[in-house]
Each structure stands twice: as structure tokens, then as C-alpha cells.
Amino acid sequence: MTAPAQAAAGGPLSRDVSTVRRCDAEDLLYLEAELLDAWDLDNWLRLYTEDARYIVPTTDLPGGDPDRDLVLVDDNHMRMKSRVERLNSRTAHREYPHSSTRHLVTNVRLRAPEGDLLPVSAGFAVFRFRNGRGVYYVGRYDYRLTVSGGRLLIKSKRVELDLRELRPAYDVAIIL
Amino acid sequence: VIVTLLNDQRTPADFFPSRLVDEDAERHRFRVHRSAMTSPRVYAAELANVFARCWLYAGHESEIPEPGDYVRRRVGGRPIFLVRGAKSGQIRVFHNTCTHRGAVVCRKDRGNARTFQCFYHAWTFDTDGRLVGVPDRDGYGGGLDFSALGLAAPSRVENYRGFIFLCYDPGVVDLSTYLGRAKEYLDLVIDGASGSVEIVKGTNDYGMDANWKLLVENSIDGYHAVPVHITYFQYLAALGSDISGGITGSGTDLGNGHAVVEGDAPWGRPIASWEPSFGDDARQAIEQIRAGLVARHGEQRAHRMASTSRNLLIYPNLIINDIMAVTVRTFMPTAPDRTEITAWQLAPRDELPLLRQRRLDNFLTFLGPGGFATPDDLEALESCQAGFTSGGVEWNDISRGMARPPQQNDEAQMRAFWRRWNDQVEPGPAGPGVPR
């Protein structure tokens with residue numbers, strides 16, 4: 001199945017989080033990376049539940065709580081949708097034309113399920129190239145996956161950067 | 001008279017006329033020579049004449065609330081740290097360098113300490129800067145005065161209502177005089193927050209390959225809002241914010257290079273103007289805050305605090321944008337075409353969690369390197385910087401609004417900055433880069 005077709009159907013087939021194997025989680029994470037690198041953001045959003053959250057804390061407070069602290073990104077599903085609409089438009093100037101990106105996901109670890117949520121962490125490196133410049137983002141993804149309608153989906157994604165300063169990477173206008 | 005040299009072989013970065021800022025009131029023309037943004041000599045002159053001479057924002061006292069708390073950072077390009085004395089409780093600022101042979105003595109970005117020990121030869125300083133430990137003291141003669149070898153403080157450090165500034169020039173006027181009419185606007189922010197504000201934990205640090213003065217202009221520029229930030233206004237509209245009335249207001253030269261753009265706020269403000277996107281839960285809390293402001297400050301001043309926005313420039317490199325959330329932003333060039341930016345969020349201390357969340361939401365969607373607007377500002381400024389290197393056009397035009405009372409989307413506030421900058425940096429007979 002092609003990535004868009006697979007994404008249109010949602011995440012990989014799954015019964016419930018207790019039966020999810022690492023390769024199932026990896027399929028979902030790799031699919032997400034593929035869709036982001038293809039700038040297929042509409043299908044990317046389909047990998048998330050309707051109550052999803054996407055969070056990137058600041059580089060100086062990696063454990064930051066978006067309800068209390070200043071973070072870099074704190075999107076609920078509505079803001080994720082706005083972010084996608086923005087990045088799909090020609091008026092998100094920082095990303096028009098789009099950067100060329102490569103999301104690498106590795107060291108995938110499944111933790112013990114918490115009710116109907118499956119915590120999954122992974123190491124990542126994202127490379128971003130645009131306007132003669134290349135920058136990178138490195139860190140850890142902390143996901144909460146869940147099964148909905150027979151599909152494995154993302155309930156939350158938290159991106160803790162290993163970078164101690166964001167300055168060398170300029171900004172986070174792309175989705176990490 | 002503007003002297004331009006034909007057939008000049010130098011690169012655009014080194015090329016400048018006898019004046020960098022050219023104001024012609026009669027022709028309603030105000031121009032800035034683009035070498036002001038590209039020339040290494042202008043940059044050198046700025047380090048010597050601006051950043052070594054002006055009061056610079058160093059931090060806020062709420063960042064180091066407890067005895068022994070410290071934060072380290074660069075101010076004016078120099079490594080310093082702020083510490084609250086473990087015994088004295090006094091806020092001190094020190095050059096981050098050992099008085100012995102130079103190594104930095106504060107090696108973490110923040111923390112709590114009773115002493116700072118240099119790891120090189122283990123000289124140890126207390127939080128008030130005194131030298132309290134020197135290994136093998138017997139190796140020194142009795143004539144050496146160790147009490148004179150405490151940590152060095154910047155020439156001047158002063159605190160305005162919690163905002164700590166420093167200056168590397170001992171001859172500078174006192175901070176209150178320097179801030180002048182800008183104090184009125186700082187007061188509006190602080191008093192609007194019931195007098196007690198704090199920096200929210202978490203720092204937005206980011207960078208751009210563009211001259212720092214472009215960010216000064218951009219931070220107080222109403223003219224760019226619609227073309228650059230259309231995606232943000234679309235987001236606001238999707239949320240149900242009614243901004244169809246547009247933004248009205250004016251720009252003001254506050255003297256000393258300080259300037260402000262102030263206008264009606266057609267959006268909600270956690271202090272203290274409700275809008276539907278805040279949710280019904282927040283409505284009563286915000287109305288109570290507003291009633292409190294009216295009781296303490298009267299209807300007129302309360303209205304100004306609650307229902308108007310302001311973008312304040314404190315010359316040369318501090319921006320306080322009191323729009324929905326309150327941003328404290330400072331920035332410093334590391335080269336003519338590179339700027340390091342640091343932004344914090346200021347909020348009322350002990351704010352209701354519900355309102356704090358709305359404030360954080362407000363801040364993040366527009367502001368910061370992951371927001372819906374700031375990245376596009378960076379793109380615009382880097383695009384200008386790239387355009388300058390093309391050559392062919394020598395001057396930027398900053399004339400907007402010279403023939404009418406300055407509107408919110410005019411450029412009077414930028415001209416205020418540029419006039420003061422020109423006083424400090426303008427090339428004398430020997431050219432820029434020669435400290436006067």
C-alpha cells in the first residue's frame with residue numbers, strides 16, 4: 001500500500017494496545033515520517049486522534065509543562081489543523097517554498113500500556129534544507145498511541161530536543 | 001551632501017556614504033543607507049558606541065526568586081550572570097570571568113549556589129562576589145590585596161520595578177533618566193498585572209541571518225502585519241475573533257531612541273478583555289480583574305491597560321510587546337548579518353491557571369519560533385538582508401507617515417530609533433567604526 005493510501009485508512013490495523021508489537025508501532029512512526037517528508041500533511045493529520053496534542057518544549061526546559069510553562073509548540077487538534085492549513089498555503093512565508101526534510105526515527109521502545117494508551121519513545125533526527133542552508137533537530141519522541149476504529153493512531157506526541165539552544169536551527173516552522 | 005563614489009571597487013558591505021541616515025522633512029523623505037545593515041565597520045561602531053554605552057536589559061528579578069538563585073546569559077554579547085546573594089538577598093550582576101586567569105566561574109545556565117568555584121585553579125567566590133577561597137594562599141606575598149580580587153560587576157546595574165538593566169559605561173545617566181517616557185509604558189504593563197509580574201519558565205531562543213536593526217523595525221511595525229501574517233489572521237478568524245474593525249492607533253517617539261506603537265486591541269486580552277475563544281469559564285475571572293483595575297486606576301487608565309495593545313521599544317534592543325500575552329524580547333548581533341534573539345513571556349504572578357493557559361495559548365500561536373507568525377517575520381528579515389547584498393539600491397525608505405499624524409501602521413516609531421542610532425553611530429570625518 002502506498003503511504004497516502006495507508007494514511008487515508010488511518011494507522012496500521014490493530015485490535016487493542018495490548019496486542020501492539022514494536023513493528024506495528026514502527027510502521028506507524030515510519031509512515032508519519034514518510035508523510036512529513038512528502039509534505040502530505042493532510043494525510044499526516046489523519047494519523048492523529050481528534051483529541052490529539054502535539055508539544056515541543058523549549059530547549060532550556062525540556063520537561064516543560066505547556067499548561068504552566070512557555071514551550072515552543074503546544075497544539076491541540078484544532079491548532080494542528082490550522083498548522084497544516086498554514087503550511088499548505090503559499091502564505092506561510094517561512095515554508096514557501098517548502099524545506100526539503102528527512103525525518104529519521106530509531107531506537108523505538110514500547111513501554112507498558114497505561115489503560116488504552118501505549119507509551120512509545122524513539123530517538124529522532126530531522127534534517128531540514130532550504131535556501132542554501134541545512135539545519136538539524138535531534139531528540140526524543142514520546143508518543144501515546146491508541147487504537148480507534150481498529151486502527152493504531154497517535155493520541156499525543158511530545159518532542160524533547162537534545163539541542164541546548166535552538167539558535168543554530170533558526171526556528172521550528174516545520175513539523176518535527 | 002551625500003557623497004557617493006562611482007566605480008567603487010569595494011563590496012556593498014563596505015560601501016557607505018558620508019551619512020547613513022538621511023532625513024529631509026520638506027520632501028517627506030527619510031532614508032537609511034543599506035550599509036548600516038551590512039558593513040562590518042558599522043557593526044564595530046555599534047559594539048563600541050551603542051552596546052558598550054547604553055543601558056541593556058539583563059533579566060527580571062523573578063528569574064532568581066530565592067537566595068543563591070542564579071541565571072547566566074550574554075548581555076551586549078558578553079557573558080555575565082545574575083545572582084541573588086545567599087546571605088544578603090541582594091541581586092548582583094557579575095562579569096562571568098575569574099579574576100585570577102579568566103575562566104568562566106558560572107558554568108550552568110541556571111541554578112542555586114552558595115559559592116562559585118573556578119574549576120581552573122579553584123578560586124572560590126561567594127554570591128556577593130567576594131573572593132573567599134584561594135588554594136595554597138601561602139604562595140602569595142602579604143602585599144597582594146585579595147579583597148580587591150572579587151568578581152567584577154558591570155560598571156552600572158540598576159533595577160526598574162523588577163527589570164534589571166546593566167551598562168558597561170560608568171558615565172551613563174541613571175536608568176530612570178535613560179528610560180524617560182518609556183517608564184509610563186512599562187508601568188502600564190506592570191500595574192495592569194496588579195503590580196506583580198513574573199517571567200514564565202521556558203525561554204524562546206532563536207536566530208536569524210539578518211541585521212539586528214531589522215528586528216527593531218519589525219517589532220514595532222504595524223504596516224507588515226496583514227501581508228506577512230495573513231495565515232495568523234485566518235487562524236484568529238477560524239477561532240471566532242472579530243478583527244474586521246481593523247487596528248487603529250498611533251506611533252510615538254518617546255525620546256532617547258525609545259518608541260511605542262499603541263492601539264485598540266480588537267482581540268481578547270487576559271488582562272482584562274474577554275473574547276469568545278477564552279471560553280465562558282474565563283469570562284467571570286476576567287471581568288473581576290477588570291473591575292479591580294477600574295477600582296485601582298480609574299476607568300480611563302484601566303481601559304488603556306485592558307483594551308489597548310502596545311509594542312514598546314526600549315533603545316537599543318529591548319522589546320516589550322503587550323498585545324495579548326506580554327513578550328519580553330532582546331537580541332544581539334554577532335555579525336552584521338546574524339542576530340541571536342531571546343524571548344520570554346511576562347505574566348501576572350499567581351495568575352489563575354485558566355487565564356495562564358489562555359495567555360500561553362495566545363503567546364504560542366502568534367509568537368516564538370514555533371508559532372504561526374514569528375517564523376514568517378524571520379523569513380522577511382532574512383529576505384531583506386539577502387536583498388541588500390544584491391546592490392543596485394542604496395537606501396531603505398522609512399518615510400511612511402511623515403506628512404500626517406503618525407498612524408499605527410506608519411514608520412514614525414522607527415524614525416525615532418534611527419535618529420538616536422544615528423547620533424551614536426553616524427560616520428564622522430574618519431568614517432564609521434571610530435569610537436568618539
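Side-chain atoms are counted along with the backbone in the values below, which use heavy atoms only and exclude waters and symmetry mates. In what follows, chains carry the letters A, B, and so on, assigned in the order in which the sequence lines appear, proteins first and then strands, with residues in each chain numbered from 1.
With respect to chain B, the highest number of heavy-atom pairs below 4.5 Å among A:Leu176, A:Val56, A:Ile174, A:Leu61 belongs to A:Leu61. Your options are A:Glu165, A:Arg79, A:Arg68, A:Arg133, and the one with the most heavy-atom pairs under 4.5 Å with chain B is A:Arg79. Ranking B:Gly368, B:Ala373, B:Gly202 against chain A, the residue ahead of the rest is B:Gly202, based on heavy-atom pairs under 4.5 Å. Interface check for chain A: of the options B:Glu340, B:Arg110, B:His229, B:Met208, the most heavy-atom pairs under 4.5 Å are formed by B:Glu340. With chain B as partner, the option from A:Ala92, A:Pro57, A:Gly64 having the largest number of non-hydrogen pairs under 4.5 angstrom is A:Ala92. Interface check for chain A: of the options B:Leu378, B:Ile341, B:Asp376, B:Thr231, the most heavy-atom pairs under 4.5 Å are formed by B:Asp376.
Contacts between A:Arg130 and chain B at a heavy-atom distance below 4.5 Å involve the side chain alone, from C-beta outward. The contact between B:Thr342 and chain A is made by backbone and side chain atoms together, counting heavy-atom distances below 4.5 Å. Of the two parts of B:Asn204, the backbone and the side chain both hold a non-hydrogen atom closer than 4.5 Å to a non-hydrogen atom of chain A. Only the side chain of A:Ser89 comes within contact range of chain B, with heavy atoms under 4.5 Å apart. Of the atoms belonging to B:Phe363, it is side-chain heavy atoms, and not backbone ones, that fall under 4.5 Å from chain A. For B:Ala343, the part lying under 4.5 angstrom from a heavy atom of chain A is the backbone only. For A:Arg83, the parts sitting under 4.5 Å from any heavy atom of chain B are the backbone and the side chain alike.
B:His60 pairs by the ring pair (Phe, Tyr, Trp, His ring centres under 6.0 Å) definition with B:Phe163, not counting sequence neighbours. Scanning for ring pair (Phe, Tyr, Trp, His ring centres under 6.0 Å) contacts around A:Tyr48 gives A:Trp44, with sequence neighbours left out. Shown here are the side-chain hydrogen bond (donor to acceptor under 3.5 Å, both in side chains) partners of A:Asp65, two or more places apart in sequence or in another chain: there are none.
Against chain A, the residues from residues 347-361 of chain B that qualify, each with a non-hydrogen atom under 4.5 angstrom away, are B:Arg356, B:Gln357, B:Leu360, B:Asp361 in number order.
Side-chain atoms of A:Tyr170 and B:Asp209 form a donor-acceptor pair, as typed in the model, at a separation below 3.5 Å. In this structure, a donor-acceptor pair under 3.5 Å is present between the side chains of A:Glu95 and A:Ser99.
Surrounding OH of A:Tyr136 are at most 12 heavy atoms belonging to other residues, nucleotides or ligands under 6.0 Å away. Counting non-hydrogen atoms of neighbouring residues, nucleotides and ligands closer than 6.0 angstrom, the CZ atom of A:Arg22 reaches no more than 12 such neighbours.
Salt bridge B:Arg269/B:Asp322: present, at least one basic N to carboxylate O contact under 4.0 Å.
Between the side chain of B:Asp69 and the backbone N or O of B:Arg84, no donor-acceptor pair lies under 3.5 Å. Within the 3.5 Å criterion, the main-chain N or O of B:Met37 finds a donor-acceptor partner in the side chain of B:Gln385.
Relative to the six-membered ring of B:Phe119, B:Arg107 meets both conditions, a distance below 6.0 Å and an angle of at most 45° to the axis.
Residue B:Trp344 is tested with B:Ile199, B:Val200, B:Thr327, B:Asp205 for a side chain to side chain contact (heavy atoms under 4.5 Å, CB included); the sole match is B:Ile199.
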